[in-house]
Protein chains: 2
Amino acid sequence: MSEKIAAIDPQPTTGINQSCLQCSLSNLCIPIAVNKDEIDRLEDLIKQGKTINRGDHIFKEHSPFKSLFAVRSGAIKTYSVTEDGEEQVTGFYLPGEIIGLDSTNTDSYSCSAKALERASVCEIPFSQLETLASKIPTLQHHFFSLMSKEIQGSRQLTMLLSKNTAEERIASLLLSLSSRFKLRKLSGTSFRLPMPRNDIGNYLGLAVETVSRVFTRFQKSGLISVQGREVVLEDIDALVDIVKNHSKCINPK
Amino acid sequence: MSEKIAAIDPQPTTGINQSCLQCSLSNLCIPIAVNKDEIDRLEDLIKQGKTINRGDHIFKEHSPFKSLFAVRSGAIKTYSVTEDGEEQVTGFYLPGEIIGLDSTNTDSYSCSAKALERASVCEIPFSQLETLASKIPTLQHHFFSLMSKEIQGSRQLTMLLSKNTAEERIASLLLSLSSRFKLRKLSGTSFRLPMPRNDIGNYLGLAVETVSRVFTRFQKSGLISVQGREVVLEDIDALVDIVKNHSKCINPK
DNA sequence: CGCGCAGTTGAAAGTTTTCAAATGCAGTGG
DNA sequence: CCACTGCATTTGAAAACTTTCAACTGCGCG
């Protein structure tokens, strides 16, 4: 899905934007045009509006895999526990994004999903979705698409971690959040981080202290303003440059 | 697919193992049991045995996405070029593994695929595959599965890069290759690395020199023997320990 | 036989982590 | 309404790991 952190472009929704599903976010998570009957079947399938409190789990790693979940509001983090018992954050999910796609090949969830703040989600039972998908080609296509995007997102994160400095990683995360907020018609320059520094560091492969130092540095350089979780991106272009100008472009000829 | 480097377990093939496809590797890449008619349709679909020379491309990033490819022999690397013009290796693919799953949501390939050594691949036109998948539920399920596995693999790589030292990353890669060779009934303890140190470093987010030093260190400790690309894993348990004992387990109570 | 690329090795430089400690902020109970 | 406790965040300084730069060795191919 969309912790495609390294991608600056606002990940345009793939499909057609004419869905008639009731949920106002469906154009983000299931933007397919289908006929009345199919819509009904989809709506029957999806259980809308389950509410989750901050810190509560939507599902836990190793528990039986049954459903995907679409985030309606709030923010979710996914994580798994490594062999040596450490938590590893694998993604942050915002409204319109879908959780669980990495577990469709196993009987159990390959990670846990926990609410970073009060949230609500739609449940999509997977086996029924598969059945429906084989009857509605565009739906099948859409889910191949979503999974493919999830792979690409993960690849980009991998690249970010493998080659980029702390500043580049954090600039990337900020830009990713920014563009994802914009997709929801929210401000892309001023928002509240749904997650603590700790999770940011964990996700980006950095020590908390490093995250904090980079925020401070960015603030001192006038790139952003931070007040706890509140962030204002003061100079997006500069942030983009940080991500792009990996090597400082001092190469003429 | 399978650069699920951090996973020590030999990633069991998900499906049923009764495929009657002619290709001897089909139990690795498309292990589904289908009826005669469906097999015929699958075989019509798949163009077998395209040969690629070392250094040749199977497809290039940004070129139109049409097909997935299953590796029959040889080894393939996938990579993409970052904004600053650097190459980033995103995966190594061995026989029985499938390339291109990360591109199914776009019109063009999201990475390039190049042969590390003389190789042969089967081409699987994607749009036809989708059509067939909507008629054969197990096939649809299998491809959801493959993609999900690809996501998990990428996640594991991400974790490896985000939290592990150079030694842990390389031990992981060696174990991953080992288990994947074993899947093909080859030796899991003695094999030839299909890729140069350079690509290993690139893939694992390490400088070539670091890769070299770690190999040397491992050899001095008696964990492995290396002679250029030839590797013998002398003490697999110790390698596993290196990957697992991230934190050295000196924590009683 | 020599060129050139792949791999190895050493030493210095740079980032990030780790350890320690201080500060801020929030919810709880008095 | 304030003090208190606990967690999140920030900061400083030293330690650790990896990279970078340089130089050398080895091997394959023309």
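A note on names: the letters A, B, ... follow the listed sequences, proteins ahead of strands, and every chain is numbered from 1.
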key: dT9(C) base / Arg197(B) side chain donor-acceptor hit below 3.5 Å   = no
task = Tell me whether the centres of the aromatic rings in Phe69(B) and Phe59(B) are closer together than 6.0 Å.
result = yes
remark   = Separation of dA8(D) atom P from Glu230(A) atom CD, nearest Å, is 18 Å
Distances under 3.5 Å only, N/O to N/O: pair up the protein atoms with those of nucleotides 23-30 of chain D.
none

ask   = Expressed in angstrom and rounded to an integer, what is the separation of Asn164(A) atom CG from dT16(C) atom C1'?
value = 15 Å
inquiry  = Is there a side-chain contact between Thr216(A) and the phosphate of dT11(D), meaning an N or O under 4.0 Å from OP1 or OP2?
reply    = yes
Between P of dG7(C) and CZ of Arg192(B), the distance in whole Å = 10 Å
message = Can you confirm whether Thr90(B) sits close enough to Ser80(B) that some side-chain heavy atom of one is under 4.5 Å from a side-chain heavy atom of the other?
response = yes
request  = Give one of base, sugar-phosphate or nothing for Gly205(B), where a contact means two heavy atoms less than 4.0 Å apart.
outcome  = sugar-phosphate
ask   = If you take atom types as modelled and just measure distance, does the side chain of Arg213(B) reach the base of dG10(C) with a donor-acceptor pair under 3.5 Å?
value = yes
ask   = Without hydrogens or angle criteria, can the side chains of Gln219(A) and Ser225(A) be said to hold a donor-acceptor pair below 3.5 Å?
value = no
ask   = In whole Å, what is the span from the CG atom of Leu193(A) to the P atom of dA8(D)?
value = 15 Å
key: DNA chain D: 5'-proximal contact among Val208(B) and Lys220(A) (nearest heavy atom)   = Lys220(A)
Quiz item: Glu209(A) side-chain donor-acceptor pair to dC19(C) base, under 3.5 Å = yes
message = With a 4.0 Å limit, can you tell me whether Arg229(A) has a side-chain N or O closer than that to the phosphate oxygens OP1/OP2 of dT9(D)?
response = yes
message = Would you say Ser212(A) places a side-chain N or O within less than 4.0 Å of OP1 or OP2 belonging to dT9(D)?
response = no
request  = Calculate the interatomic distance between Lys163(B) atom NZ and dT18(C) atom P; express it in whole Å.
outcome  = 10 Å
message = In this structure, how many angstroms lie between the C1' atom of dC7(D) and the CE atom of Met195(A), rounded?
response = 18 Å
ask   = Do the side-chain N and O atoms of Gln48(A) and Arg72(A) include a donor-acceptor pair separated by under 3.5 angstrom?
value = yes
ask   = Do Ser110(A) and Glu61(A) have side-chain N/O donor and acceptor atoms under 3.5 Å apart?
value = no
query = Atom CG of Leu161(A) to atom P of dT18(D): distance rounded to whole Å?
reply = 15 Å
key: Short side-chain N/O contact from Thr210(A) to OP1 or OP2 of dT17(C), under 4.0 Å   = yes
ask   = With a cut-off of under 6.0 Å to the ring centre and 45° to the axis, is Lys77(B) in cation-pi contact with Tyr79(B)?
value = yes
inquiry  = Salt bridge or not between Glu167(B) and Arg217(B)? Use side-chain N to carboxylate O under 4.0 Å.
reply    = yes
query = Between dT8(C) atom C1' and Arg217(B) atom CZ, what is the distance in whole Å?
reply = 13 Å
